[in-house]
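Okay, so here's the structure we're looking at.
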Amino acid sequence: MIARLRSIAGWVAIVAYLVTGAVIYFRVMPGADWHWPPDFHFLGYDAQSIAPFLDALSEPARDAYVRVLEVYDRLFIIALSVWLALTGWRGSGLRYFVAGLAVLYALIDLSENAAILQVLREGAVFVSAAHHLTMAKFASLYLCILVLIVHVRRSV
């Protein structure tokens with residue numbers, strides 16, 4: 001049962017990732033003069049560094065990016081965190097830690113999406129929150145994957 005759910009979650013995550021990437025590459029980035037969206041800045045950003053993206057963002061590109069953040073990326077985040085948790089659901093009590101890290105990653109990433117949506121709607125007021133959530137998203141995802149790898153290797 002867990003293997004089947006893990007497989008479904010994995011495929012949903014892959015499809016959502018591909019759709020998200022396609023919409024960003026073919027709709028958002030051309031409408032923003034090929035500037036990267038804020039949530040792709042691994043080391044964070046400030047209002048000045050994302051200003052070119054926000055200034056160049058056309059209305060159709062903004063609508064596409066909002067759709068990505070509200071639909072496709074949410075689906076990806078949830079499916080990925082379910083896949084991470086189910087992949088780590090084996091063996092010792094470390095599985096609870098892996099599942100907890102997967103949930104933590106999902107909460108941070110969903111919060112980051114909400115903060116970026118606020119930046120798109122209200123301007124630079126929420127950039128600081130979005131910046132910190134972006135860095136926390138990548139840190140929590142990397143930590144979850146690292147612990148998952150260690151856990152799966154010990155369980156084999």
Side-chain angles (χ1 to χ4, degrees), residues 1-32 34-45 50 53 57-121 126 129-156:
M1 177 69 165
I2 288 179
R4 179 78 176 136
L5 291 173
R6 181 176 61 230
S7 177
I8 291 169
W11 281 109
V12 169
I14 289 170
V15 170
Y17 180 78
L18 292 173
V19 169
T20 298
V23 172
I24 287 175
Y25 189 77
F26 293 112
R27 301 276 319 270
V28 176
M29 289 181 63
W34 295 98
H35 293 288
W36 286 97
D39 52 340
F40 284 81
H41 295 252
F42 296 111
L43 301 176
Y45 45 86
I50 65 167
F53 172 80
L57 196 60
S58 67
E59 198 60 37
R62 181 182 304 274
D63 294 342
Y65 191 43
V66 167
R67 189 171 37 260
V68 162
L69 293 172
E70 289 181 339
V71 180
Y72 309 128
D73 198 32
R74 282 184 187 172
L75 182 61
F76 169 72
I77 293 163
I78 293 167
L80 178 62
S81 64
V82 168
W83 181 83
L84 289 167
L86 292 177
T87 300
W89 199 255
R90 61 181 86 199
S92 71
L94 195 56
R95 65 182 170 186
Y96 298 106
F97 189 58
V98 171
L101 287 174
V103 169
L104 178 66
Y105 154 72
L107 293 174
I108 291 171
D109 203 350
L110 291 170
S111 298
E112 178 213 22
N113 283 4
I116 292 173
L117 284 168
Q118 288 296 80
V119 168
L120 291 173
R121 291 184 179 121
F126 291 91
H131 151 76
H132 290 299
L133 288 167
T134 297
M135 291 191 314
K137 166 187 75 173
F138 287 116
S140 64
L141 180 59
Y142 297 152
L143 179 61
C144 184
I145 290 172
L146 179 65
V147 172
L148 177 65
I149 290 169
V150 169
H151 176 55
V152 169
R153 290 186 56 129
R154 292 170 109 193
S155 298
V156 175

Look up atom [atom1] in [X] and atom [atom2] in [Y], then write down how far apart they are to the nearest 0.5 Å.
X: R4; Y: L86; atom1: CZ; atom2: CG; result: 13.0 Å
X: L110; Y: D73; atom1: CG; atom2: CG; result: 8.0 Å
X: L94; Y: R154; atom1: CG; atom2: CZ; result: 6.5 Å
X: H35; Y: I50; atom1: NE2; atom2: CD1; result: 12.0 Å
X: H132; Y: I108; atom1: NE2; atom2: CD1; result: 13.0 Å
X: S140; Y: I145; atom1: OG; atom2: CD1; result: 9.5 Å

To check you understand the geometry: which heavy-atom pair defines the closest contact between [X] and [Y], and what is its length?
X: W83; Y: R6; value: CD1-O, 3.2 Å
X: A64; Y: R27; value: CB-CB, 3.9 Å
X: V12; Y: A79; value: CG1-CB, 3.7 Å
X: V98; Y: L84; value: CG1-O, 3.7 Å
X: W89; Y: A99; value: CZ3-CB, 4.2 Å
X: A16; Y: Y72; value: CB-O, 3.9 Å

Determine, step by step, whether Y105 and I77 satisfy the side chain to side chain contact (heavy atoms under 4.5 Å, CB included) criterion, reporting the C-alpha distance in whole Å, the side-chain angles of both residues, the deciding distance to 0.1 Å, and the verdict. CA-CA 8 Å; Y105 154 72; I77 293 163; 4.1 Å; yes
Within 6.0 Å of [atom1] in [X], more than 12 heavy atoms from elsewhere:
X: R95; atom1: CZ; value: yes
X: Y142; atom1: OH; value: yes
X: F138; atom1: CZ; value: yes
X: W34; atom1: CH2; value: yes

Side chain to side chain, [X] and [Y], heavy atoms closer than 4.5 Å:
X: V82; Y: L5; answer: no
X: D39; Y: K137; answer: yes
X: V119; Y: P38; answer: no
X: L80; Y: D109; answer: no

Using the side chain to side chain contact (heavy atoms under 4.5 Å, CB included) rule, take H41 and H131 through it: C-alpha gap first, then chi angles, then the decisive distance, then the call. CA-CA 9 Å; H41 295 252; H131 151 76; over 6 Å; no
With under 30° as parallel and over 60° as perpendicular, where do the rings of W36 and F40 fit, or are they tilted in between? tilted
Which of parallel (below 30°), tilted (30 to 60°) and perpendicular (above 60°) describes F53 and Y65? perpendicular
Before giving the answer on side chain to side chain contact (heavy atoms under 4.5 Å, CB included), spell out for L75 and V19 the whole-Å C-alpha distance, their side-chain angles and the decisive distance to 0.1 Å. CA-CA 10 Å; L75 182 61; V19 169; over 6 Å; no
Do the side chain of H151 and the main chain of T87 share a donor and acceptor less than 3.5 angstrom apart? no
For the pair S7 (side chain) and A3 (backbone), establish whether a donor and an acceptor sit closer than 3.5 Å, ignoring hydrogens and angles. no
